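Worksheet for the structure shown next.
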Amino acid sequence: MSIFKSLFGGKNKETITPQDAIQKLSEVQEMLMKKSAFLEKKIDGELATAKKNGTKNKRVALQALKRKKRYEKQLTNIDGTLSTIEFQREALENASTNTEVLKVMGVAAKAMKAAHKDMDVEKVHDVMDEIADQQEVANEISEAISNPVGFGEDVDEDDLLAELEDLEQEELDEQLINIGPISEGLDDLPSVPTAEPKANKKVAVADDDDDMKELAAWAS
């Protein structure tokens with residue numbers, strides 16, 4: 001208890017921040033760990049003395065074991081204290097973290113409140129509705145501009161196709177009239193030759209001569 005009084009000032013009402021408390025607990029923890037290491041060495045030394053004098057000087061061996069027991073008890077107490085300090089230090093660290101987080105959240109809440117100071121939810125909804133209305137008007141204007149106006153009334157496509165067919169039929173009739181009777185063009189055609197080609201006539205005379213020769217040979 002005296003250690004904690006010396007570290008934390010006993011009944012001093014001076015406010016200690018979590019960071020200061022964490023620092024002091026760390027210092028105490030480091031001091032106790034050093035003392036724990038010292039006691040472990042003392043325990044090992046007394047145990048060695050007891051073993052050395054166990055058969056030679058029983059009284060010295062028993063005194064060494066008694067001191068060893070006291071050191072072990074102190075070491076056990078220190079281990080418990082270290083566990084408590086560790087728990088307290090972790091709790092303070094968590095509390096300090098939570099405090100800092102809460103402070104930041106408080107500052108953020110104030111900043112958000114200041115940002116929304118001149119804003120009203122109803123006004124926001126009204127503005128959004130107005131934006132939607134104006135967007136709808138803009139769409140209607142764009143659609144109206146994209147439709148041709150003042151370029152004549154709409155014409156039925158079927159009527160246009162029927163008119164096109166009539167024009168095509170008229171063009172075909174005019175072409176047939178311009179052709180005229182078929183006989184009118186026959187005089188211009190080349191005449192069919194009536195005389196037998198000379199080459200063919202020569203071939204026929206040669207065939208006749210061969211036949212006559214064969215007949216004469218057979219008769220003789």
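As a basis for the values below, the full set of heavy atoms in this structure was taken, side chains included, without hydrogen atoms, waters or symmetry mates. Owing to the predicted nature of the structure, the values given are computational and were not obtained by experimental measurement.
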Donor-acceptor under 3.5 Å (N53 side chain, T49 main chain) = yes
dist D20:CG -> L25:CG (nearest 0.5 Å) comes out at 11.0 Å
So how far is it from K42 NZ to L75 CG, rounded to the nearest 0.5 Å?
-> 13.5 Å
Transitive ILVMFWY side-chain link M112 to V107, under 4.5 Å | no
Connected via hydrophobic side-chain network under 4.5 Å: L62 and L47 = no
Please check if L39 and L65 belong to a single hydrophobic cluster, counting links between Ile, Leu, Val, Met, Phe, Trp and Tyr side chain heavy atoms closer than 4.5 Å.
-> no
Strictly by modelled atom types, are D173 and Q169 linked by a side-chain donor-acceptor pair under 3.5 Å?
-> yes
Going only through I, L, V, M, F, W and Y residues with side-chain contacts under 4.5 Å, is there a path from Y71 to V60?
-> no
Determine whether L92 and F87 fall in the same hydrophobic cluster, where Ile, Leu, Val, Met, Phe, Trp and Tyr are linked whenever their side-chain heavy atoms lie under 4.5 Å apart.
-> no
For side chain to side chain contact (heavy atoms under 4.5 Å, CB included), just list the numbers for E140 and E143, CA-CA rounded to whole Å, side-chain angles, deciding distance to a tenth of an Å, and then say yes or no.
-> CA-CA 5 Å; E140 292 178 358; E143 185 177 356; 5.5 Å; no
Within the side chain of S142, is there an N or O that forms a donor-acceptor pair under 3.5 Å with the backbone of A138?
-> yes
Residue from K66, R67, R70, K68 passing salt bridge (charged side-chain N to carboxylate O under 4.0 Å, His left out) with E46 = R67
Nearest 0.5 Å, what's the OG-CD distance between S26 and Q23?
-> 6.0 Å
Less than 4.0 Å between a side-chain N and a carboxylate O, is that true for R89 and E86?
-> yes
Nearest-0.5 Å distance, NZ of residue K24 to CD of residue Q29 | 15.5 Å
Nearest-0.5 Å distance that lies between atom CG in N94 and atom OG1 in T99 | 10.5 Å
Side-chain contact test, heavy atoms from C-beta onward, threshold under 4.5 Å: evaluate it for M31 versus K34 and give yes or no.
-> no
First locate atom CD1 of I131, then atom CG of D126, and finally report the distance between them rounded to the nearest 0.5 Å.
-> 11.0 Å
